[in-house]
Amino acid sequence: MKSIIVMLAEGFEEIEALTVVDVMRRAGVKCNMCSLKGKQVTGSHGIKVEADTDLNSSELVSYDGIVLPGGMPGAENLKNNLQVVELVKEYYSNGKIVAAICAAPIVLEKAGIIRGKKITSFPDFKEKLDNSIYNEDMVVEDENIITSRGPATALPFSYAILKKLGLNEEAENLYNSMLFNIVTE
């Protein structure tokens, strides 16, 4: 079974995080939410979520990919957590999926993994992503890094993660059954 861990810091963007969790679980992917501390995490719009695990888990590196939602101050809180930055480095160096949306590519920059890589982000964070090849597509992939723009791109971002996991059929089925196909026509 494929698996993804979604990192949740106080102030995360709810649409970006929970869309990924929902799409992964619909596709049969084990998808756990990981908080920086404690079980309950509050998003940037006041929605409280109960995480499945936290940074004390011994299984943090056992997933096929790590997802970093944006939102403020969530993305900043992820960037300022040394353990999260080290996890990102480890996932990247092991060729596992590293996915970040909206403001969260600032964590990838702090981890030092975007030099010469094609990435995107929420427009306000473009200047903070030094040494990358910035792109304004909805979803940008470069090797094992997947980045996306913001809340409105959470579904295509999620489908890209599924495809990177090798779940093309599941991504296509969800694309149609969730009626995303009518949005893009």
Side-chain angles (χ1 to χ4, degrees), residues 1-44 47-71 74-75 77-79 81 83-102 104-105 107-108 111 113 139-148 151 153-180:
M1 174 185 266
K2 299 292 185 177
S3 60
I4 292 289
I5 189 162
V6 178
M7 304 305 296
L8 300 180
E10 288 293 315
F12 70 93
E13 169 52 57
E14 293 93 338
I15 289 173
E16 295 162 1
L18 299 178
T19 298
V20 171
V21 173
D22 181 89
V23 169
M24 294 302 119
R25 290 181 180 178
R26 286 178 192 237
V29 173
K30 175 185 176 184
C31 185
N32 286 340
M33 297 176 286
C34 179
S35 72
L36 302 189
K37 59 182 178 186
K39 281 286 194 177
Q40 194 173 80
V41 188
T42 304
S44 60
I47 299 172
K48 294 180 187 318
V49 174
E50 185 172 326
D52 302 298
T53 190
D54 62 29
L55 285 177
N56 294 319
S57 171
S58 61
E59 298 179 6
L60 290 179
V61 295
S62 67
Y63 296 85
D64 296 306
I66 187 169
V67 176
L68 309 165
N77 289 335
L78 290 173
K79 181 185 96 166
N81 185 292
Q83 193 172 351
V84 171
V85 172
E86 290 302 317
L87 271 173
V88 167
K89 289 178 184 179
E90 187 163 349
Y91 272 82
Y92 177 74
S93 66
N94 287 321
K96 294 183 176 187
I97 296 168
V98 176
I101 185 170
C102 193
V107 183
L108 309 186
I113 65 169
V139 178
V140 175
E141 295 184 47
D142 194 329
E143 295 177 354
N144 57 324
I145 297 174
I146 304 170
T147 53
S148 192
T153 64
L155 277 172
F157 176 65
S158 299
Y159 300 143
I161 295 168
L162 284 179
K163 289 178 180 178
K164 190 63 100 176
L165 286 169
L167 302 173
N168 294 327
E169 186 177 330
E170 291 84 343
E172 188 65 30
N173 288 340
L174 286 172
Y175 184 85
N176 293 315
S177 69
M178 295 176 80
L179 300 183
F180 192 72

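Sequential numbering from 1 along the given sequence is applied to the chain's residues.
At least one donor-acceptor pair under 3.5 Å links the side chain of Asn81 to the backbone N or O of Val84.
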With side-chain contact (heavy atoms from CB on, under 4.5 Å) as the test, would you mind laying out the steps for Leu162 and Val29 before giving the verdict? CA-CA 9 Å; Leu162 284 179; Val29 173; 3.9 Å; yes
Could you go through the side-chain contact (heavy atoms from CB on, under 4.5 Å) check for Met33 and Ile5 one step at a time? CA-CA 6 Å; Met33 297 176 286; Ile5 189 162; over 6 Å; no
Using the rule given for side-chain contact (heavy atoms from CB on, under 4.5 Å), can you reason through Lys39 versus Asp54, listing the C-alpha separation, both sets of side-chain angles and the distance that settles it, and then say yes or no? CA-CA 7 Å; Lys39 281 286 194 177; Asp54 62 29; over 6 Å; no
Taking it one step at a time, do Val21 and Val49 satisfy side-chain contact (heavy atoms from CB on, under 4.5 Å)? CA-CA 12 Å; Val21 173; Val49 174; over 6 Å; no
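In this structure, the side-chain hydrogen bond (donor to acceptor under 3.5 Å, both in side chains) partners of Asn32, at least two apart in sequence or on a different chain, are Tyr63. Partners of Ser44 by side-chain contact (heavy atoms from CB on, under 4.5 Å), not counting sequence neighbours, listed by chain and number: Glu13, Glu14. Judged as a side-chain hydrogen bond (donor to acceptor under 3.5 Å, both in side chains), and not counting sequence neighbours, the contacts of Asp22 are Arg26. With sequence neighbours left out, Ala154 forms a side-chain contact (heavy atoms from CB on, under 4.5 Å) with Ile15, Thr19, Ile101. In this structure, the side-chain hydrogen bond (donor to acceptor under 3.5 Å, both in side chains) partners of Glu86, at least two apart in sequence or on a different chain, are Lys89. For Glu143, the salt bridge (Lys or Arg N to Asp or Glu O under 4.0 Å) test picks out Lys117, with sequence neighbours left out. Take Ala17 and apply the side-chain contact (heavy atoms from CB on, under 4.5 Å) test, not counting sequence neighbours, and it matches Val6, Leu8, Phe12, Pro69. When the side-chain hydrogen bond (donor to acceptor under 3.5 Å, both in side chains) test is applied to Ser148, the partners found at least two apart in sequence or on another chain are Thr153. Listed by chain and residue number, Tyr175, Phe180 satisfy the ring pair (Phe, Tyr, Trp, His ring centres under 6.0 Å) test with Tyr159 (two or more places apart in sequence, or in another chain). The salt bridge (Lys or Arg N to Asp or Glu O under 4.0 Å) search around Asp52 returns Arg25, not counting sequence neighbours.
Counting heavy atoms of neighbouring residues, nucleotides and ligands inside a 6.0 Å radius, atom NZ of Lys37 does not exceed 12 of them.
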List the atom pairs, with distances to 0.1 Å, where a side-chain N or O of residues 55-62 and a protein N or O form a donor-acceptor pair under 3.5 Å, not counting sequence neighbours.
unit_1 : atom_1 : unit_2 : atom_2 : d
Ser57  : OG     : Glu59  : N      : 3.0
Ser62  : OG     : Glu59  : O      : 2.7

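Here the straight-line distance linking atom CG of Leu167 with atom CG of Leu174 works out to 10.0 Å at 0.5 Å rounding. Taken to the nearest 0.5 Å, the SG atom of Cys31 stands 9.5 Å off from the CG atom of Leu18. Here the CD-OG distance, from Gln40 to Ser35, works out to 10.0 Å after rounding to the nearest 0.5 Å. Taking CD1 from Ile161 and NZ from Lys2, the interatomic distance works out to 14.0 Å, rounded to the nearest 0.5 Å.
With a 4.5 Å cut-off on side-chain heavy atoms, Met178 and Leu155 count as touching. Looking only at side-chain heavy atoms (C-beta outward), Met7 and Val67 stay at 4.5 Å or farther from each other. Between Ile47 and Thr42 the shortest side-chain heavy-atom distance does not fall below 4.5 Å.
Across Gly74 and Ala9, no two heavy atoms sit closer than the pair O-CB, 3.5 Å. The two residues Gly71 and Cys102 have their closest heavy-atom pair at N-SG, 4.3 Å. Across all their heavy atoms, Phe157 and Ala99 have their closest contact at CZ-CB, 3.5 Å. Here the shortest heavy-atom pairing between Asp64 and Met1 reads OD2-O, 4.2 Å. In plain terms, the two heavy atoms of Thr147 and Pro105 that are nearest each other are CG2-CG, 4.1 Å.
The only member of Asn144, Val88, Val107 that meets side chain to side chain contact (heavy atoms under 4.5 Å, CB included) when paired with Ile113 is Val88.
Listed by first and then second residue, the side-chain hydrogen bond (donor to acceptor under 3.5 Å, both in side chains) pairs that reach into residues 160-170 are Glu141-Lys164, sequence neighbours excluded.
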